[in-house]
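Letters A, B, ... are given to chains in the order of the sequence lines, protein chains preceding strands, and every chain is numbered from 1.
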Amino acid sequence: MSYRLLSVDKEGLATSPGLKERNYLGLSDCSSVDSSTLPNAVPDSDKKSSLNFKATELRLGLPDSQSPQRETDFGLLSPRTPDEKLLFPLLPCKDHASGNKRGYLAKSGSNNAPAAKAQVVGWPPIRSYRKNTMASSTSKNTNEVDGKPGLGALFVKVSMDGAPYLRKVDLRTYTCYQHLSSALEKMFSCFTLGQCGLHGAHGRERMSEVKLKDLLHGSEFVLTYEDKDGDWMLVGDVPWEIFTETCRKLKIMKGSDSIGLAPSAVEKSKYKD
Amino acid sequence: MDRRFPFKVLEHIFSFLDVNEDRNSVSMVCKSWFETERRTRKRVFVGNCYAVSPLKVARRFPKMRSLTLKGKPHFADYNLVPDGWGGYAWPWIEAMAARRPLLEEIRLKRMVVTDECLEKIAASFRDFKSLVLTSCEGFSTDGIAAVASTCRKLRDLELRECIVDDLGGDWLTYFPETSTSLASLDFSCLDSEVKLSDLERLLSRSPNLKSLKLNRSVTLDVLASLLRRAPQLVELGTGSFSDELDPEEISKLTKALSELKQLKSLSGLWDLLPEYIPVLYSVCPRLTSLNLSYATVQMPDLIDLLSRCSKLQKLWVMDLIEDKGLKTVALCCKELRELRVFPSGADLDETDVTLTEQGLVSVSEGCQKLESVLYFCVQFTNAALVSIAKNRPNFRCFRLCVMEPFAPDYRTQQPLDEGFKAIVERCKDLRRLSVSGLLTDKAFEYIGVHAKKLRMLSIAFAGDSDLMLHHLLSGCERLKKLEIRDCPFGDTALLENAAKLETMRSLWMSSCFVSFGACKQLSQKMPRLNVEVIDEHPPKTRPDSSPVERIYIYRTVAGPRQDTPEFVWTIHKNPEVGVSRLSIR
């Protein structure tokens with residue numbers, strides 16, 4: 001049975017030539033949606049011009065796959081309110097590092113600049129209590145909680161040269177560089193010793209703490225991070241709060257590879273308080 | 001001759017009925033049974049505080065000792081209900097204070113509770129024992145202090161995920177100075193610090209305390225000292241678990257935990273660091289309930305913990321558990337009945353997805369007693385759903401949240417219709433279902449045909465047309481609560497199945513295509529329903545054909561409510577009953 005919408009009253013809507021349909025279902029063979037009967041899309045006349053629609057388009061399919069141009073195939077599922085709200089109200093695009101990272105729709109592909117993420121109210125359905133709890137910083141240094149949409153935990157990947165797999169850490173659970181570095185030491189110690197395994201944490205720690213510290217202080221390994229501009233820097237140069245804001249990824253590099261990251265960095269001690 | 005059953009005998013028989021549904025059925029048999037039942041009901045449950053008036057409830061149940069109320073619709077949890085909508089506890093507290101002073105227990109969910117309410121409770125019910133507030137808001141720690149200080153027989157004080165105006169930790173000092181009768185204390189949702197000495201003293205004088213849930217600001221270094229004062233605990237919610245401890249402190253904590261011989265439930269564990277996992281080993285074998293949903297521990301560290309929890313019945317965890325961790329659960333936690341997997345936000349880059357549908361399939365295979373699931377996952381397949389259904393026909397609650405709206409089966413690109421069909425076909429006892437992913441009307445046809453015991457259904461971003469709603473309202477006989485967001489159905493199915501709405505507790509629809517005219521018509525046609533149109537930006541003029549943002553429809557014998565805010569329209573408020581331009585087929 002095809003769906004018929006009552007004729008939508010257009011009074012109160014801003015007039016604009018040429019309503020543009022939005023493609024929200026990136027599949028051409030999806031037979032369940034009969035595009036001909038869906039209502040018209042929302043005019044984008046009053047959208048903030050700074051938004052990049054292509055980047056915010058919702059798509060199905062694997063990440064990084066670029067679906068071909070399908071601008072006019074499907075209509076938009078949207079309540080036609082006089083305010084012309086899109087189904088997924090788009091927040092103004094702020095090139096705000098960590099906030100954007102957690103948008104779960106629209107994948108930005110391999111480019112460096114994070115795309116504006118579409119944020120849907122109340123989706124995924126997680127209680128606000130949980131969202132707030134995850135978002136609030138345990139760090140005593142950070143004074144305010146940014147009104148970040150999404151879940152708020154600052155997970156960054158940590159890789160290490162020669163290690164078989166990545167780990168992830170939540171930067172919010174650490175209060176300073178020292179804290180982070182000891183945690184990373186513990187996490188990656190098994191690799192430097194050449195043993196990986198699920199031994200009791202105590203045994204592993206005791207032995208490896210000493211060794212890794214020595215290795216690190218002996219310039220064998222260096223902790224670096226990729227910031228929001230895509231540059232690799234040595235960890236420890238900027239104040240902790242700024243670091244948590246800009247850090248995208250962490251990498252434990254061999255000392256020799258880190259030459260040239262920052263001129264004076266090789267001489268500097270790796271872990272500042 | 002009086003052929004009726006003697007009142008005393010009937011009363012005695014009814015005293016064995018503790019399920020309210022049974023009591024409701026019994027009270028409908030005849031007048032004398034109604035009378036007997038109402039005089040003996042001690043625990044009263046009102047699923048929608050606007051469905052009936054407080055006065056009527058107070059009058060009907062003279063022996064009431066416990067009152068449970070629910071206020072806002074469930075989707076309020078996800079910010080879909082604007083602030084100020086309603087759900088005020090005050091009229092109920094006022095009515096009970098005046099008429100039922102022997103009330104001992106009040107349990108509120110999603111209601112607005114003010115300090116005034118709490119003070120009224122403290123002042124009015126001399127035997128008050130139990131206050132449990134879940135997802136409530138509107139009060140401060142002053143109100144809690146009032147309850148703590150005045151209710152001398154207080155046994156339970158539980159604030160579960162409430163939004164509290166936290167004015168500081170002083171409230172803890174207001175409990176009676178001599179021994180307290182506290183059995184359960186949950187202040188996990190409060191932000192501010194409580195003084196360690198106050199807490200220690202409270203624990204020392206609360207010999208009956210069985211359940212203690214601390215807030216996050218209680219640091220790890222003081223936990224051992226607290227636990228030593230409450231070795232009888234059955235439920236423990238720790239505070240933060242991420243502070244740095246020296247080896248001596250670690251060993252003290254390990255010992256203190258191992259002394260909790262009766263501990264069955266563990267929660268809190270905020271930011272649990274992997275190196276502290278061994279500290280928990282001693283309690284694992286006895287645990288029946290473990291809440292790791294705030295513990296940012298990842299794999300493989302989680303395995304160390306989970307593999308020791310052979311008696312676990314309830315597990316809440318984040319997706320950091322990954323498929324590997326769930327495999328361990330499937331192997332080791334054979335008693336598991338309830339599993340919830342929440343998104344951590346960590347795995348948004350899909351090249352790295354490590355929690356997939358396979359995790360749930362493993363658990364459904366290995367855990368024979370599993371009956372309740374809440375699973376957040378980025379994508380899913382029909383095949384997985386079919387396996388899950390085959391493995392576990394005993395599901396009573398199945399909530400799957402595929403986080404990508406409209407996501408099809410990622411292997412076949414088909415809608416997830418067949419998968420959910422398997423679920424409703426096989427799980428004959430299914431009471432609660434949440435669907436997600438790409439779904440056509442067919443999925444809802446299957447649900448309508450098979451899910452005969454379904455009580456609550458949540459839908460988002462699904463379906464194609466009015467048929468979807470029609471299938472549900474005409475098929476699901478036991479449906480009590482239906483909540484829908486962002487689905488493309490309109491007026492027809494709603495109006496055609498209007499009568500069904502009186503058999504349900506409530507229907508929520510937001511961002512669908514229901515028109516204002518239909519809402520008016522429904523209101524006129526069904527006087528025993530309250531039809532609320534909730535529009536945060538109501539226009540000056542509203543043509544009948546304009547779609548509304550949100551509708552909340554519920555049956556009621558209390559008539560229109562008097563406390564609607566500006567942004568809620570009901571027909572009683574605005575009686576511009578025009579002639580609708582709709583024609584219903």
Task: Residues, nucleotides or ligands: over 12 heavy atoms within 6.0 Å of B/Glu193 CD - done: no
- [ ] Pick whichever of B/Ser135, B/Ser293, B/Ser240 has the most heavy-atom pairs under 4.5 Å with chain A.
- [x] B/Ser293
Under 4.5 Å from any heavy atom of chain A, what part of [X] do you find: side chain, backbone, both or neither?
{"X": "B/Cys487", "answer": "neither"}
{"X": "B/Phe75", "answer": "neither"}
{"X": "B/Met318", "answer": "side chain"}
{"X": "B/Val514", "answer": "neither"}
{"X": "B/Phe376", "answer": "side chain"}

- [ ] Can you measure from CH2 (A/Trp123) to CD (B/Glu404) and round to the nearest 0.5 angstrom?
- [x] 10.5 Å
Task: Interatomic spacing from CG in B/Asp191 to CG in A/Asn132 - rounded to 0.5 Å - done: 9.5 Å
Open item on the list: If you compare all heavy atoms of A/Ser182 against all heavy atoms of B/Glu244, which two are closest, and at what distance to 0.1 Å?
Closed with: OG-OE2, 4.0 Å
Open item on the list: Determine whether a donor-acceptor pair (N or O, by modelled atom type, separation under 3.5 Å) exists between the side chain of B/Arg485 and the backbone of A/Gly122.
Closed with: yes
Open item on the list: Test your reading of the model: is there a side-chain donor-acceptor pair from A/Ser128 to the backbone of B/Asp77, 3.5 Å cut-off?
Closed with: yes
- [ ] Decide yes or no on side-chain contact (heavy atoms from CB on, under 4.5 Å) for A/Arg130 and B/Tyr294, but give the supporting numbers first.
- [x] CA-CA 9 Å; A/Arg130 170 170 291 277; B/Tyr294 296 109; 3.8 Å; yes
- [ ] Apply side-chain contact (heavy atoms from CB on, under 4.5 Å) to B/Tyr78 and A/Val121, showing your working.
- [x] CA-CA 8 Å; B/Tyr78 315 128; A/Val121 174; over 6 Å; no
